[in-house]
Amino acid sequence: MLIPLILVPYLELNVTHLLNPEWPAHARMHEAWQLITNAGVASLALGWTWTRDGLARGSALGTLITAGFVVAWLVRDFYGGAMAGTATASYSLLGLDVALVVMAAAATSFLAILVLEMRLRCPSNP
């Protein structure tokens with residue numbers, strides 16, 4: 001949960017995102033809203049992780065936040081989105097933008113934890 005709580009705000013509180021003077025004010029407001037909401041949800045999920053039934057809930061929220069980024073990347077041509085001009089655009093891993101790789105790995109990890117937690121809670125009948 002540290003990715004949406006700390007890393008993403010760190011990478012987006014600059015002139016390529018929230019402080020970009022070329023962005024319309026309304027777009028910057030939506031960026032601020034997204035950063036604050038995701039950080040809040042990540043804080044909630046992180047807190048839940050340490051409660052009796054919270055690991056599955058926290059993992060579900062983590063999956064939604066990180067998979068949301070991956071889906072936004074996949075449909076970027078539909079709305080004219082791109083990773084160009086961002087803090088991570090000059091870095092690639094496996095031929096892909098490093099942000100996509102990190103978020104996809106995080107989404108996969110959260111989903112795996114969620115599936116394992118659910119299987120431990122509801123073992124199948126032999």
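Residue pairs satisfying the side chain to side chain donor-acceptor pair (under 3.5 Å) criterion with at least one member in residues 34-51, sequence neighbours excluded, are listed as follows: W33-T37. For residues 9-18, the side chain to side chain donor-acceptor pair (under 3.5 Å) pairs, not counting sequence neighbours, are N14-T16.
Counting heavy atoms from C-beta on, the side chains of L93 and V102 never come closer than 4.5 Å. At a threshold of 4.5 Å between non-hydrogen side-chain atoms, the residues R57 and L44 do not count as touching.
Placement of L5 and V41 within a single hydrophobic cluster is found when ILVMFWY residues are connected by side-chain heavy-atom separations under 4.5 Å, directly or transitively. Under the 4.5 Å side-chain heavy-atom criterion for ILVMFWY residues, no single connected hydrophobic cluster contains both F110 and L114. Under the 4.5 Å side-chain contact rule for hydrophobic residues, L64 and M118 do not share a cluster. Linking Ile, Leu, Val, Met, Phe, Trp and Tyr whenever their side-chain heavy atoms come within less than 4.5 Å leaves V71 and L111 in two separate clusters. Both M83 and I3 belong to a single network of hydrophobic side chains, linked directly or stepwise wherever heavy atoms of I, L, V, M, F, W or Y lie under 4.5 Å apart.
Atom CG of D97 is separated from atom CG of L94 by 12.0 Å, given to the nearest 0.5 angstrom.
Dense packing is recorded around OH of Y79, with more than 12 heavy atoms of other residues, nucleotides or ligands lying under 6.0 Å away.
A107 and T66 make their closest contact through CA-OG1, 3.1 Å (heavy atoms, listed as atom of the first residue, atom of the second, distance). Between G95 and S92, the shortest heavy-atom distance links the atoms C-CB, 4.4 Å. L100 and F69 make their closest contact through CA-CE2, 3.8 Å (heavy atoms, listed as atom of the first residue, atom of the second, distance). For the pair V101 and L96, the tightest heavy-atom approach, listed with the atom from each and the gap, is CG2-CB, 3.9 Å. Annotation for M1 and G58: closest pair SD-O, 4.1 Å, computed over non-hydrogen atoms.
By the 4.5 Å side-chain criterion applied to Ile, Leu, Val, Met, Phe, Trp and Tyr, I113 is assigned to a cluster that also includes L55.
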Please step through side-chain contact (heavy atoms from CB on, under 4.5 Å) for the pair V8 and M103, ending with a clear verdict. CA-CA 10 Å; V8 173; M103 292 301 243; 4.2 Å; yes
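Here the side chain of R121 pairs a donor or acceptor atom with the backbone of D53 at under 3.5 angstrom. Under a 3.5 Å cut-off, the side chain of R119 and the backbone N or O of L116 do not form any donor-acceptor pair.
Partner of W23 under the side chain to side chain contact (heavy atoms under 4.5 Å, CB included) criterion, out of R28, H30, M29: R28 alone.
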